[in-house]
Amino acid sequence: MQMSAISHKGRQGALGVIVTLLLLAVPAPYRALSALGAPESAAAEASIRIGMSGNPDTLDPHRTSGTLTFFSIRGFYDTLIEPGEEGEYRPALAERWEVSDDGLIWTFELRERVRFHHGRILQAADVVATFERILDDTIASPHARELRRLKRVEALNERTVRFVLSEPYTPLLATLASGWGAILPADLVESGHRFSVEPVGTGAYVFVHWQEDSHIRMRRNPEYWRGNEVGAPEEIALRIITETTVQEQALIAGQLDIIDMVSEAMLDTLEQRSDTMVDRTLSSLVMVLAMNNHHELLQDLRVRQAIAHAVNKQQVLDVAYNGGRPVSTFLDYGDPFYADVEDPYPYDPDRARELLDESDYAGETLRMSVPQNYEPHVRAAEIYTEMLGRVGLNVELRLIEWSSWLSDVYQNSDFDLTVIGHTGKLDPDGRFAGYDTGDNYVNWHHPKAEELLEAARTEAELERRYELYAELQRIMAEEVPMVFVGTSYRHMGLRASIREFHMDPKLDTIDFYRLRKD
Amino acid sequence: MPSLRFFLGKLGRLIATIFAITSLVFIVLRVLPGDPARTIAGLDADEREVAALRAELGTDRPLGEQYLSWLSATARLDFGASFFHERPVVDLIRERIPLTLSLSVAAFAGALVLALPLGVAMAVRRWGAVDYLGMGFSHAAMALPEFWLAILLLLGFAVLLGWFPLFGAATPRHFVLPVVALALSRAAVLVRLVRSSMIEELDKEYVLAARAHGLPEPRIRYRYALRNALLPVITVGAIQFGYLLGGSIVIEQVFSLPGLGRLLLSAIYRRDFPVVQGGVIVTAVVFSGVNFIADLLYSAANPKIRMR
């Protein structure tokens, strides 16, 4: 009989394990909770909760170019100077500064009685240590290039610091005002402190805790040099929530105060409700349909012109990017240096067809490589494919991963067409980096443009720089190394109780210092 | 109990499997397009800065050299640190694994609690009302993708009814919806298995013999038939547990839970090699470990296996 083949002992063992598993399972989540140790909703009134679409790569300002990093660390750090509204700069940690007549020596006078979060007073040595750190090869900062003309930084006394350049370099101010110009304390730089996981700065908020994929918490800095005692929240929490729907519903339910993603479908709802609102600012992005200028067809100006004529920019912005302002050149619409060049190749499918007929195009298929994790770019690519198809250009869409896009398309220029957004820079020189040497992903090489860039970089006078960049932008508009499509809007959802919400498009972050909640 | 030789043989295969999986992952990561240094540096950096980063990360060294140093470090249980924020991989995983494991264990328990009685009830009253309802549930739950079910649960119970929070992991209430979402799809598979396995047992001769001896029906069903019917459930259950580990990636994403799945997912996206490798090793160990235990259990329960 089969029954005897199975020992009682064995069967009881098997059942026993299943029962044990069941028993283990019930208290297990509770134990997981204590491991997380993230008290929530405590003191919700005194705190502001912000939904953020992803993790920062790191909290070290010098070792990344990730936009979410600079969004997250804005409250922890200060820079020597800050960007103003019109492309000028305002004092921050530096009270005043001056530049020598030859443009080579910049001297900054530091503010008094500024304290780091770990208690030390800010001194010139901290500024020196900070910029030496960016240039340190073992730090391998992606921003080292911006300081390549820096011969040395030196402390003249406790409050005076001097930057000595090898050649005039006006964009230096932009570097100092950018997120990666954050000033770190010299003692911690020396001891090899891991700023990547535990930031220490002079900012309005003190870092408390970062649990990846969950949250970043910060508390008010009671000793902040600007003073922020009136009405400032005791705590700000960044909640990492990748699903747009969850962010939106959490805002409506009052579980979040600010969200950084709003879908087109929810814009009206959030605007019409009495307890929520939408903040709309022009971003600092330029959305482009980029072309490989080394490609045998695309090096023909007529083909590039045809592609530009085939694209209805406003339609792409409205459908793919939630609205925006069309541009015809490489600076974003809101940039003080933006030259409002009239579009030399407006939407005109008939003209596009004519130009294609004149060219050598004979029905070849162009590959459009698109980073698949950026949904708006994928949508835009679908529209471009359709628009180009209508004028008789065959395009095949290829979705690739972001890391592959960076190495294949951006680094190795292995593409025909691609869709991307270029983020804004405080100084136009940053946007045009690589276009002065021909070493850029679209393989665009133009001697006149390169001369202009060199001149603008060393020019100190603002008016003259405006002119130089305007001429450069006209050249780019006519040469269309890529189709410059437009600048999109950035939408943030807010609870109605939020006050003093200021989005800084160039730094791509909120001014945490001024933020208030009723 | 299983013999030592059997045990050691299984253990050897376990270690070989883990070694093969992790080596494969090591190679695949490096063959795939995508450069961690460029991913860190972003669009603004030029080739010189990216090269400096590569040197710093060690990804510019020959593949063989990288493999050997990785192998020797891994053998010493040194998984390295994240490329992006310097935290040791061991710390990252230690932080994440309690959540993912308890989510999986709770969902597995939930699936068993649902599937065992339902499967038995369906088998006992074959083609009855319970059987049809159960089959209907099983079909539906297997057809629904997990993420969709998760979003439906979220919209229904967190948004419309407001019974549960939308995100976070601070209280037990935060875990109810994710556990239910995971458990339902696993239960859908298990319930069919329990049913068919139970039906098979009930049709066997020993059941007939037991009935002929006049043993009470509940005793026949639950004492004899159910126990034998559970044998295949152990094996399949272990595999299902592996699916749970995988399925939790999606669930963690939807419910904004900081678990191992999301850690791995973002590490893969941004080519954070040490984190991917460490995470895969741990997942492979857990998955193979569970299967190993299931093998031992099975052989303990069924002496015929031991002979092989």
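For a residue to count as touching a neighbouring chain, one of its non-hydrogen atoms must lie under 4.5 Å from one of that chain's; by this rule A/Gln372 touches chain B with the side chain only. Only the side chain of B/Arg54 comes within contact range of chain A, judged by heavy atoms closer than 4.5 Å. Of the atoms belonging to B/Val50, it is side-chain heavy atoms, and not backbone ones, that fall under 4.5 Å from chain A. B/Ile97 does not touch chain A: none of its heavy atoms, backbone or side chain, sits under 4.5 Å away. For A/Ser141, the part sitting under 4.5 Å from any heavy atom of chain B is the backbone (N, CA, C, O) and nothing else. Both the backbone and the side chain of A/Asp57 have a heavy atom closer than 4.5 Å to some heavy atom of chain B. With a 4.5 angstrom heavy-atom cutoff, B/Leu154 touches chain A only via side-chain atoms. Both the backbone and the side chain of A/Ala144 come within less than 4.5 Å of a heavy atom in chain B. The part of B/Leu92 that comes within reach of chain A is its side chain, from C-beta onward, which places non-hydrogen atoms under 4.5 angstrom from that chain.
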Quick one, B/Val254 with A/Thr242, criterion side-chain contact (heavy atoms from CB on, under 4.5 Å). Give me CA distance, side-chain angles, the key distance, then yes/no. CA-CA 8 Å; B/Val254 174; A/Thr242 47; over 6 Å; no

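A donor-acceptor pair is defined here as one N or O able to donate and one able to accept, closer than 3.5 Å; such a pair exists between the side chain of A/Ser65 and the backbone of B/Ala41. Listed for the A/Ser196 side chain is a donor-acceptor partner under 3.5 Å among the backbone atoms of B/His85. A donor-acceptor pair is defined here as one N or O able to donate and one able to accept, closer than 3.5 Å; no such pair exists between the side chain of A/Ser403 and the backbone of B/Gly34.
Between A/Val197 and B/Glu86, every side-chain heavy-atom pair lies at or beyond the 4.5 Å cut-off. Annotation: side chain of B/Arg96 is in contact with side chain of A/Asp213 (closest heavy-atom distance under 4.5 Å). Under the 4.5 Å side-chain criterion, counting only non-hydrogen atoms from C-beta, A/Ile252 is not in contact with B/Val159. In this structure, the side chains of A/Thr138 and B/Glu56 come closer than 4.5 Å at one or more pairs of heavy atoms.
The minimum heavy-atom distance linking A/Ala140 with B/Leu53 is given by the pair O-CG, 3.5 Å. Nearest heavy-atom pair across B/Pro258 and A/Gln211 is CB-NE2, 3.9 Å. For the residue pair B/Ser256 and A/Ile240, the shortest heavy atom distance occurs at CB-O, 4.0 Å. Considering all non-hydrogen atoms of both residues, A/Pro142 and B/Ile40 come closest at CG-O, 4.5 Å. Closest non-hydrogen pair, B/Leu43 versus A/Tyr410, comes out as O-OH, 2.7 Å.
Partners of B/Glu200 under the side-chain hydrogen bond (donor to acceptor under 3.5 Å, both in side chains) rule, at least two apart in sequence or in another chain, do not exist in this structure. By the side-chain hydrogen bond (donor to acceptor under 3.5 Å, both in side chains) test, B/Glu49 is found to be paired with A/Arg148, residues two or more places apart in sequence or in another chain being considered.
A salt bridge is defined here as a Lys NZ or Arg NE, NH1 or NH2 lying under 4.0 Å from an Asp or Glu carboxylate O, and A/Arg145 with B/Glu47 fails to meet this definition. Classification of B/Arg262 and A/Glu212 as a salt-bridged pair fails, no side-chain N sitting under 4.0 Å from a carboxylate O.
Between atom CZ of residue B/Phe84 and atom CG of residue A/Asp60 there is a gap of 13.0 Å, rounded to the nearest 0.5 Å. Taken to the nearest 0.5 Å, the OG1 atom of A/Thr437 stands 8.5 Å off from the CG atom of B/Asp46. Taken to the nearest 0.5 Å, the CG atom of B/Leu166 stands 11.5 Å off from the CD atom of A/Glu248. In this structure, B/Glu95 CD and A/Ser214 OG are separated by 10.0 Å, a value rounded to the nearest 0.5 Å.
Between chain B and the options A/Asn412, A/Ile420, A/Leu256, A/Asn373, the largest number of non-hydrogen pairs under 4.5 Å is found for A/Leu256. By number of non-hydrogen pairs under 4.5 angstrom with chain B, the leading residue of A/Trp402, A/Trp405, A/Trp210 is A/Trp210. Considering only heavy-atom pairs separated by less than 4.5 Å from chain B, the leading option among A/His422, A/Glu401, A/Arg431 is A/Glu401. Contacts with chain B were tallied for A/Arg194, A/Arg63, A/Glu243, A/Gln255; A/Gln255 has the most, counting heavy-atom pairs under 4.5 Å.
Dense packing is recorded around CZ of B/Arg30, with more than 12 heavy atoms of other residues, nucleotides or ligands lying under 6.0 Å away. Other residues, nucleotides and ligands contribute only 12 or fewer heavy atoms inside 6.0 Å of the OH atom of B/Tyr269.
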